[in-house]
J.: 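The structure under discussion is supplied below as structure tokens; questions concerning it will follow.
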Protein chains: 2
Amino acid sequence: MTRATPTGWQAVHDEALRRIQTREWPPGARIPGEEDLAAELGCARATVNRALRELAEAGLLERRRKAGTRVAETPNRRAQMSISRIAEEIETRGARPGYALIAADDAPMPPARRHALGLGADTPTRHVEALHLADGAPYVHEDRWISLLAMPGAANADFTVMSANEWLLRHAPFSHGTLDYSATTAGDAAAHLGCDTQTPVMVLDRATFGPDHPITWVRLTYAPGFHLHMKI
Amino acid sequence: MTRATPTGWQAVHDEALRRIQTREWPPGARIPGEEDLAAELGCARATVNRALRELAEAGLLERRRKAGTRVAETPNRRAQMSISRIAEEIETRGARPGYALIAADDAPMPPARRHALGLGADTPTRHVEALHLADGAPYVHEDRWISLLAMPGAANADFTVMSANEWLLRHAPFSHGTLDYSATTAGDAAAHLGCDTQTPVMVLDRATFGPDHPITWVRLTYAPGFHLHMKI
DNA sequence: AAGTGGTCTAGACCACGTC
DNA sequence: ACGTGGTCTAGACCACTTA
């Protein structure tokens, strides 16, 4: 049976989503095969495949060869957030970004952080400490170590005008990384953030790796009131 | 010029990624068109399209009709995290999940939260308060309101054995939602989490919507030491 | 006006995993 | 063994956007 309007993989996607949400395809049920759906909806199998693949990536369907496609019982949805330049993040929040370098030196990297990044004890690093501002107010404190093995150019880079965050985004052959958010007291960053040392703040520890070497480890301590917003 | 091994869209994906990382295709540069790449790599244009589309979705390439494909100058990568049943989240951390209902009643929903969910003042709700445990220790405190307009079945559901979290995952026609993480003091949840009221903790405010109606609003207050881990 | 990516098609072969 | 999804192909038309 052919249908009137549904052409395009998005139409197939929406129709399948509708059937899932209306429980026409209840949780756990096996849905028709790609061939059958293509015939029913009047399109090619590749179009159905594209639509169902997106729904599977979204966690709503589970697909296995031979076993067919089933509606997920307890969908594991994925929340996404965009990781961008800090200045861009501030602009997105409708504020004017500012930046101030606090220190750029050779302060040693704490062993625990060296280990988290998988960096040998003898690998040279550069330390950068800075403050990012939103409309002139403290937004986030950045405490970073950069591997000079992966980024030799960081030894002579000038971080007074361009933040290490942006410099690395432009120059590092970034491949993958980990993010670790937690809540803690402001502690040493309190002086820079203009709050009490006991104030609860959000902290992001991030390790970044290139295709061959670890690149950088950074702790971002956000000012009180920061919210991490995501959509799903 | 044809190549030896590269068949399959993943091979094309990896080859393109390599050229980006080695700066053979430097940031900002325009890369060859799909037709040219297909000829060079010895595959069909659709295969190249699939590969480059994934790289564009990852934020490494920017594609525009007629203008062609360019390497992003400051890539906006997307970090992903899986949103699943709380019990599953606890199992993933290698602990035995536990659950205890604290209260299931008709406590009124605070106006601010009603507004965040976009719920009218007269829409009936059900309130559920519970504690999730990991290896017997407090893991997260759940404070939730469910719209009885969207989920009339919630009025009579038994939340003593199955948490509202899991019940909703199984029964709600979930479509989209927002997540909002922040750091605060444990406050009222301290008693349940076994910590001081002044201890910094991570809080997640989540609003969930179905295709037609708001479904639920929940505040999850995580025990001290909780880390939100993501990969990119 | 023309170039580029976006998508669809019909057919084919393959890989995997269940039966 | 065989059914199902995963992917590739060659060709085509279209949509968007820039020149």
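In what follows, every chain begins at residue 1, and chains take the letters A, B, ... in the order their sequences are listed.
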J.: dT4(D) phosphate, OP1 or OP2: any side-chain N/O from Thr69(A) under 4.0 angstrom?
T.: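 Negative; the distance criterion is not met.
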
J.: Between atom CG in Leu37(A) and atom P in dG6(D), what is the gap in whole Å?
T.: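 Interatomic distance, CG of Leu37(A) to P of dG6(D): 13 Å.
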
J.: What is the distance, to the nearest angstrom, from the CG atom on Leu52(B) to the C1' atom on dG5(C)?
T.: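 Distance check: Leu52(B) CG to dG5(C) C1' gives 10 Å.
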
J.: Of the nucleotides dC16(D), dT9(D), dT18(D), which has the atom closest to the Ala46(B) side chain?
T.: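 Per side-chain heavy atoms of Ala46(B), the pick is dT9(D).
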
J.: Whether Arg63(B) contacts dT4(C) is assessed here as follows: a side-chain N or O lying under 4.0 Å from the phosphate OP1 or OP2. Is that the case?
T.: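 So the side-chain polar atoms of Arg63(B) never come under 4.0 Å of the phosphate oxygens OP1 or OP2 of dT4(C).
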
J.: Any base atoms under 4.0 Å from Arg45(B), or only sugar-phosphate, or nothing? Heavy atoms, all strands.
T.: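 Base contact.
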
J.: Does Asp205(B) come within less than 4.0 Å of Arg219(B), counting only side-chain N to carboxylate O?
T.: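 Salt bridge present between Asp205(B) and Arg219(B).
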
J.: Is a side-chain donor-acceptor pair under 3.5 Å present for Arg206(B) with Thr178(B)?
T.: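 On atom types as modelled, these side chains do not qualify, holding no pair under 3.5 Å.
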
J.: Indicate whether OP1 or OP2 belonging to dT9(C) is found under 4.0 Å from a side-chain N or O atom of Thr47(A).
T.: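 For Thr47(A), the contact criterion (side-chain N or O under 4.0 Å from OP1 or OP2 of dT9(C)) is met.
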
J.: Figure out the CD/C1' separation between Glu57(A) and dG6(D), and round it to whole Å.
T.: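 Whole-Å distance recorded here is 12 Å.
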
J.: Could you tell me whether the side chain of Val128(B) reaches within less than 4.5 Å of the side chain of Leu101(B), counting heavy atoms only?
T.: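 Yes, at least one pair of side-chain atoms sits under 4.5 Å.
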
J.: Hey, are the side chains of Tyr139(A) and Tyr222(A) touching, using non-hydrogen atoms and a 4.5 Å cut-off?
T.: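 Yes - at least one pair of side-chain heavy atoms lies under 4.5 Å apart.
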
J.: Write down the distance between CD (Glu34(B)) and P (dC16(D)), rounded to a whole number of angstrom.
T.: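 Spelled out: CD on Glu34(B) to P on dC16(D) is 17 Å.
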
J.: Please give, in whole Å, the distance from dC14(D) P to Lys66(B) NZ?
T.: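 Between P of dC14(D) and NZ of Lys66(B): 19 Å.
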
J.: Between C1' on dG6(C) and CZ on Arg64(B), what's the gap in Å once rounded to a whole number?
T.: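 For the pair Arg64(B) CZ and dG6(C) C1', the rounded distance is 15 Å.
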
J.: Looking only at side-chain N and O atoms, does Arg30(A) come under 4.0 Å of OP1 or OP2 in dT4(D)?
T.: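 Yes.
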
J.: Once the angle between the rings of Trp9(B) and His13(B) is folded into 0 to 90°, is it parallel (under 30°), tilted (30 to 60°) or perpendicular (over 60°)?
T.: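 Perpendicular: the ring planes of Trp9(B) and His13(B) meet at over 60°.
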
J.: From CG of Asn49(A) over to C1' of dA12(C), roughly how many Å is that when rounded to an integer?
T.: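 That distance rounds to 14 Å.
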
J.: Could you please name the option among dG3(C), dG5(D), dT7(C) that lies closest to any side-chain atom of Arg65(A)?
T.: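 The nucleotide sitting nearest to the side chain is dG5(D).
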
J.: Take atom CZ of Arg70(B) and atom C1' of dT18(D), then tell me their distance rounded to the nearest Å.
T.: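 My rounded result for the distance is 12 Å.
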
